[in-house]
Number of protein chains: 2
Amino acid sequence: MSNVKSAERELSPEKTEVILRGAMQEFLEHGYAGARIDKIVAAAGVSKATVYRRFADKAALFTALIQRMAVKIHFFHQQELPPLGEEPVVFLKRYATQVLDHITHNSQELMLFRMIIGESGRFPELGQEFVRNIEKPNIDFLMQYFATHPKLQLADPEVAARTLVGTLIHFRTYALTN
Amino acid sequence: MSNVKSAERELSPEKTEVILRGAMQEFLEHGYAGARIDKIVAAAGVSKATVYRRFADKAALFTALIQRMAVKIHFFHQQELPPLGEEPVVFLKRYATQVLDHITHNSQELMLFRMIIGESGRFPELGQEFVRNIEKPNIDFLMQYFATHPKLQLADPEVAARTLVGTLIHFRTYALTN
DNA sequence: GTCTATACAAAGATAGAC
DNA sequence: GTCTATCTTTGTATAGAC
């Protein structure tokens with residue numbers, strides 16, 4: 001006989017939100033092993049018990065956070081495309097510039113990429129998630145773009161797409177420092 | 001009046017060697033923050049005091065290890081070049097295959113690349129060291145190769161070299177999982 | 001110069017009050 | 001459902017014997 005509201009009275013979504021926000025800061029700055037639960041709860045303004053009621057342990061909190069970020073970044077990139085009507089050379093230059101600028105002005109995203117790569121040996125599902133959510137959509141888009149623009153004379157659209165995406169990500173996560 | 005031998009009686013190089021070997025295992029497997037000094041000394045068969053007599057702290061041990069590995073890998077790659085007399089297309093395919101195979105059969109090197117990228121935000125000098133010792137020599141070599149083979153019709157040898165190296169490293173450290 | 005034993009701090013996780 | 005207080009383990013680093 002409980003009404004609808006009582007059925008919802010479980011874990012408050014607001015607290016979950018602030019926990020994840022605090023966790024993001026701490027994990028991005030120090031990596032998985034370097035992150036401290038104490039710092040996360042301090043930043044979130046909740047107690048440890050509140051964290052451990054939602055997440056089994058540190059690893060569960062970490063993976064939950066990363067998966068959430070993967071989805072957000074995915075949708076973000078989709079909105080950012082430069083106009084498709086331009087000449088291919090112009091479009092591709094803008095596309096590349098935009099990706100690099102985006103990461104450059106979004107230091108959290110740079111830290112995220114680096115962390116994913118660094119932890120992907122110990123959290124394989126995490127690396128796969130990112131391939132699925134971030135790299136794959138970009139590669140698929142470019143593949144189709146290349147395939148529908150024969151004037152570019154690209155023998156293999158998939159190779160071209162993987163090359164461009166790989167070069168851009170690598171250039172920003174490894175070659176440059178800040 | 002001390003003879004030459006007594007002047008050398010400082011820290012035994014053999015112990016330094018086994019410490020670094022144990023440290024390599026542990027750091028590569030768990031990253032910087034995840035590595036445990038206890039595990040390192042256990043693997044090396046020495047005491048903690050012996051470690052701390054040589055290295056000021058964990059970070060000093062870490063950076064010393066990475067710099068040593070950077071030098072070793074640098075020299076290793078130099079010896080591996082496929083025959084330069086081949087047709088450019090053949091040579092480049094072999095070069096790429098060899099780099100990928102090398103990392104694939106050298107899981108420690110893969111772990112090292114991932115760790116460098118993951119820690120490069122917190123240890124910037126470490127990322128720079130690797131650019132200098134590993135990426136730069138490869139890029140320089142390819143640049144010169146491209147410049148001396150005009151039939152490849154590459155407008156910008158440096159861009160081509162960076163693209164190839166970046167794509168190869170990224171493909172192996174991020175896109176694939178194992 | 002190297003070891004054993006230990007200091008000291010901090011971590012992750014939980015019990016019990018409200 | 002959330003907090004305070006605490007348990008237990010484990011970490012880095014060092015003091016002192018040999």
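All values derive from a computational prediction rather than experimental measurement. FYI, side chains are in, hydrogens and waters are out, and symmetry mates aren't considered; it's all heavy atoms of this structure. Below, read A as the first sequence line, B as the second, and so on, with proteins coming before strands; counting in each chain starts at 1.
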**Request:** Would you indicate which nucleotide in C/dA11, C/dT2, D/dT4 comes nearest to any side-chain atom of B/Leu11?
**Result:** C/dT2

**Item:** Nearest-nucleotide comparison on DNA chain C, the residue closer to the 5′ end among B/Gly45 and A/Ile37
**Value:** B/Gly45

**Message:** Could you tell me how far apart A/Asp38 (CG) and D/dA5 (C1') are, to the nearest whole angstrom?
**Reply:** 13 Å

**Nucleotide C/dG12, atom C1' - distance to CD of A/Glu26 in whole Å** = 14 Å

**Message:** On the side chain of A/Lys15, is there an atom forming a donor-acceptor pair with the base of D/dG1 - under 3.5 Å, no angle test?
**Reply:** no

**Item:** Protein-nucleotide distance (A/Leu61, atom CG; C/dA11, atom P), rounded to Å
**Value:** 15 Å

**Request:** Could you tell me whether B/Arg53 atom CZ has more than 12 heavy atoms of other residues or ligands within 6.0 Å of it?
**Result:** no

**Asked** What integer distance in Å separates A/Ile19:CD1 from D/dC3:C1'?
**Response** 13 Å

**Item:** Candidate nucleotides C/dG12, D/dC3, C/dC3, ranked by approach to the side chain of A/Val46 - the nearest
**Value:** D/dC3

**Request:** Return the nearest nucleotide to the side chain of A/Thr50; candidates are D/dT2, D/dA15, C/dG12.
**Result:** D/dT2

**Item:** B/Ile139 CD1 to B/Glu158 CD distance, which is reported to the nearest 0.5 Å
**Value:** 7.5 Å

**Prompt:** In terms of side-chain heavy atoms, does B/Asp140 have a donor or acceptor partner in B/Tyr145 at a distance below 3.5 Å?
**Reply:** no

**Complete:** Among D/dG1, C/dC3, D/dC3, the one nearest any side-chain atom of A/Glu10 is D/dG1

**Fill in**
By nearest-heavy-atom nucleotide on DNA chain C, the more 5' of A/Ala35 and B/Ser47 is B/Ser47

**Asked** Where the side chain of B/Ser12 is concerned, which of C/dA13, C/dT2, C/dA15 is the nearest nucleotide?
**Response** C/dT2

**Message:** Within the structure provided, determine whether B/Met115 and B/Met111 are in side-chain contact (heavy-atom separation under 4.5 Å).
**Reply:** no

**Message:** Taking 4.0 Å as the cut-off, does a side-chain nitrogen or oxygen of B/Lys48 come that near to OP1 or OP2 on D/dA13?
**Reply:** no

**Message:** Is A/Tyr52 close enough to C/dA13 that one of its side-chain N or O atoms is under 4.0 Å from OP1 or OP2 there?
**Reply:** yes

**Asked** If you check the A/Ala49 side chain, which of D/dT4, D/dA15, C/dA11 turns out closest?
**Response** D/dT4

**Prompt:** Strictly under 6.0 Å, is that where the ring centroids of A/Tyr174 and B/Phe130 end up?
**Reply:** no

**Request:** Between B/Arg53 and B/Asp57, just flag the one whose closest nucleotide in DNA chain D comes earlier from the 5' side.
**Result:** B/Asp57

**Request:** Could you check which of C/dT2, D/dG1, D/dT12 has an atom nearest any side-chain atom of A/Arg54?
**Result:** D/dG1

